[in-house]
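Reading through the structure tokens given below for one structure.
Quick caveat, the model's predicted, so the values are computed rather than measured. Here is the naming used below: chain letters follow the sequence lines, and residue numbers restart at 1 for every chain.
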Number of protein chains: 2
Amino acid sequence: MSDLLERLRGRGWRMTAQRRVVAEVLAGDHVHLTADEVHARAVAKLPEISRATVYNTLGELVSLGEVLEVSTDKRAKRYDPNAHRPHHHLVCAQCGAIRDVHPTGNPMADLPDSERFGFTVSDVEVTYRGVCPNCAKA
Amino acid sequence: MSDLLERLRGRGWRMTAQRRVVAEVLAGDHVHLTADEVHARAVAKLPEISRATVYNTLGELVSLGEVLEVSTDKRAKRYDPNAHRPHHHLVCAQCGAIRDVHPTGNPMADLPDSERFGFTVSDVEVTYRGVCPNCAKA
DNA sequence: GGCTTGACTTGGACAAAGTCCAGGATAGGA
DNA sequence: TCCTATCCTGGACTTTGTCCAAGTCAAGCC
Ligand SMILES: [Mn+2]
Ligand SMILES: [Mn+2]
Ligand SMILES: [Zn+2]
Ligand SMILES: [Zn+2]
């Protein structure tokens, strides 16, 4: 994602080897890694990178809106580089595989006023759960 | 929830003071406590109850289907006694307040086959986020 | 009511996920 | 090239949750 790096430079980020590596690790589709998974892959490219830096960098990417934090998993937060196209998630209950999905319809419109308890609702998150083809045949 | 206690007795549960207290703490509507919150409230009624027992009891209640585990929070799991009526959640992004909601429509039907990647989808979880009236006026 | 026993509870050790900080390194402008 | 604010590091610490050996007790039986 060199366009990501471009945007970050534009925001006044110092381009360090560590940040470049974290950005590289997050490239791709359907990527939803935990912080420790990001760290493991980053270490493969830059052995001396620390856990603290990975956490810091992920936190910064999230507050810049360049990466989403998703919690489909009940254990660790996952980091999702697909922040610019709204989407939801389909999760395998057995192996944890995660796919990005784009349901039709607008769930926001499905919450009647009487069910809003005076809240100003701004966001909806939908998580589908099931069994992936791989786990189904095993 | 003495009907809960009834059901548990029927399932061969030993009725201990600890389990009674955990069940009491979970009584009510819109209850979504973390394990440690349950423990804190349980201790107020039964000072010598241990954290391990609270975790054990909550785990058992979940596997019996009497309590749901929800992860609206990115930190700790929350325990929801409203297991017998399907519902979704509305969460205040500021104070974390959680309300049970019942949207109209069927989000399951909104996921086209082409977006299922061969998964057998069995469950949908919808989380609305916003700001509660309390936080809005502050 | 008293015994017996397997289920239950306890406290503490351990693990996983995440935060924080003092001190050292460095990107990038002057 | 030099300077310095920003960034990185390793390790200590916190939070959330799991596990276990040893002690306790609910409930069935007499
Ligand atoms: Mn995604
Ligand atoms: Mn609920
Ligand atoms: Zn799977
Ligand atoms: Zn609020």
Exercise. Between C:dT10 and B:Thr53, is there an OP1 or OP2 to side-chain N/O distance shorter than 4.0 Å?
Worked result: yes
Seminar exercise, completed: Outermost contacting nts on DNA chain D, any atom under 4.0 Å from chain B heavy atoms, listed 5' then 3', are D:dT16 to D:dA27
For this session: May I have all residue pairs that pass side chain to side chain donor-acceptor pair (under 3.5 Å) and include part of residues 114-124 of chain A, sequence neighbours excluded?
Result: A:Glu115-B:His102
For this session: Please tell me which of B:Trp13 and A:Gln18 maps to the more 5' nucleotide of DNA chain D, matching each residue to the nucleotide holding its nearest heavy atom.
Result: A:Gln18
For this session: For B:Glu37, enumerate each residue passing the side chain to side chain donor-acceptor pair (under 3.5 Å) test, keeping only those at least two apart in sequence or located in another chain.
Result: B:Arg78
For this session: Identify the heavy atoms of B:Val67 and B:Ala83 that sit nearest to each other, and give their distance.
Result: N-CB, 4.0 Å
Exercise. Nearest nucleotide by nearest heavy atom, which residue falls closer to the 5' end of DNA chain C, A:Ala17 or B:Ile49?
Worked result: B:Ile49
For this session: Taking the side chain as every heavy atom from C-beta outward, state whether B:Cys135 and B:Cys92 have any pair of such atoms under 4.5 Å apart.
Result: yes
Exercise. Should B:Glu66 and B:Arg11 count as an ion pair when the cut-off is N to O under 4.0 Å?
Worked result: yes
Problem set entry | Pairs where residues 23-80 of chain B contributes a residue and the test ring-ring contact (aromatic ring centres under 6.0 Å, His included) is met, not counting sequence neighbours | A:Phe117-B:His30, B:His32-B:His89
Seminar exercise, completed: Here the gap from A:Asp36 atom CG to A:Arg51 atom CZ, rounded to the nearest 0.5 Å, amounts to 5.5 Å
Exercise. Please give, in whole Å, the distance from C:dC8 C1' to B:Leu8 CG?
Worked result: 14 Å
For this session: Heavy atoms under 4.0 Å is the rule here; annotate nucleotides 14-26 of chain C 5' to 3' with B where the base is hit, S where only the sugar-phosphate is, and - elsewhere.
Result: ---SBBB-----B
Exercise. What's in the same ILVMFWY side-chain cluster as A:Ile98, cut-off under 4.5 Å, chained through other members?
Worked result: A:Val91
